[in-house]
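Below: one structure, written as structure tokens.
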Amino acid sequence: MNEKEKRIAAIKEALDYFDPEGLLRLGAPEDEYILEATFIEKEMALSVDFKLKGIISRAFKKYFDSNLSDEINEKISQRISSNLAKTRC
């Protein structure tokens with residue numbers, strides 16, 4: 001797995017963990033949040049001074065036309081940051 005794939009996996013794990021749209025609990029496929037994880041990784045890579053919560057919000061607005069609560073957005077952001085630190089990506 002290359003560095004980009006590791007970052008996407010770390011981001012997706014956080015999205016899966018919180019399942020903000022409740023889709024995994026309803027039986028959606030395991031790859032349900034891969035587009036959002038890929039979008040977030042790409043946006044992070046393109047920006048020197050990114051705001052992770054803003055990127056997460058844009059991803060869910062783009063793919064689900066949904067507005068995440070500040071609380072869940074903060075939790076996802078913290079978990080992504082923690083996951084990325086563990087994988088040193």
Side-chain angles (χ1 to χ4, degrees):
M1 185 180 293
N2 65 37
E3 292 301 309
K4 179 178 179 175
E5 291 167 337
K6 287 179 187 177
R7 288 189 301 271
I8 292 170
I11 294 164
K12 185 181 170 305
E13 187 284 332
L15 299 177
D16 289 349
Y17 181 84
F18 289 106
D19 189 18
E21 296 296 321
L23 299 173
L24 297 175
R25 289 185 295 270
L26 294 174
E30 282 186 31
D31 67 349
E32 181 61 41
Y33 293 116
I34 194 67
L35 289 175
E36 295 77 15
T38 302
F39 175 88
I40 292 167
E41 189 281 333
K42 181 180 177 183
E43 291 289 306
M44 290 171 62
L46 290 174
S47 178
V48 174
D49 185 27
F50 63 85
K51 304 287 187 221
L52 185 52
K53 291 193 302 185
I55 293 171
I56 294 166
S57 292
R58 286 195 305 279
F60 278 82
K61 187 67 175 170
K62 176 177 180 168
Y63 291 102
F64 294 106
D65 195 28
S66 115
N67 295 312
L68 297 180
S69 71
D70 288 339
E71 179 182 358
I72 193 69
N73 195 333
E74 179 67 30
K75 288 179 180 180
I76 292 170
S77 177
Q78 289 175 354
R79 190 163 183 108
I80 288 172
S81 295
S82 175
N83 288 351
L84 291 174
K86 288 177 191 172
T87 60
R88 294 185 176 104
C89 297

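In what follows, every heavy atom counts, from backbone to side chain, and hydrogens, waters and symmetry copies are set aside.
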Under 3.5 Å, sequence neighbours excluded: what are the donor-acceptor pairs made by side chains of residues 33-43?
residue	atom	partner	partner atom	Å
Tyr33	OH	Asp19	OD1	2.6
Tyr33	OH	Glu21	N	3.1
Thr38	OG1	Ile34	O	2.8
Glu41	OE2	Arg7	NE	2.9
Glu41	OE2	Arg7	NH2	2.9
Glu43	OE1	Arg58	NH2	3.3

**OP:** State which residues pass salt bridge (charged side-chain N to carboxylate O under 4.0 Å, His left out) with Lys75; sequence neighbours excluded, sorted by chain then number.
**Re:** Glu71
Subject >> Donor-acceptor contact below 3.5 Å, side chain Ser82 vs main chain Gln78 >> reply: no
Original post:
Can you check whether Asn83 reaches Ile11 side chain to side chain, under 4.5 Å on heavy atoms?
Top reply: no
Subject >> Donor-acceptor under 3.5 Å (Thr87 side chain, Leu84 main chain) >> reply: yes
Original post:
side chain to side chain contact (heavy atoms under 4.5 Å, CB included) with Phe60: which of Ile72, Asp65, Asn67, Leu68?
Top reply: Leu68
Subject >> Euclidean distance, Ser81 OG relative to Leu52 CG, rounded to 0.5 Å >> reply: 5.0 Å
Subject >> Rounded distance [0.5 Å steps], CZ in Phe18 versus CZ in Arg79 >> reply: 6.0 Å
Donor-acceptor list for residues 22-31 side chains, cut-off 3.5 Å, not counting sequence neighbours:
none

Original post:
Residues two or more places apart in sequence or in another chain: which of them pass salt bridge (charged side-chain N to carboxylate O under 4.0 Å, His left out) with Glu74?
Top reply: Lys53
Original post:
Between atom OH of Tyr63 and atom CD of Glu32, what is the distance when rounded to the nearest 0.5 Å?
Top reply: 12.0 Å
Original post:
Crowded around Phe64 CZ? As in, over 12 foreign heavy atoms under 6.0 Å?
Top reply: yes
Subject >> Those residues that, when tested against Asn2, pass side-chain contact (heavy atoms from CB on, under 4.5 Å) (two or more places apart) >> reply: Lys4, Glu5
Subject >> With sequence neighbours excluded, residues passing side chain to side chain donor-acceptor pair (under 3.5 Å) with Ser57 >> reply: Asn73
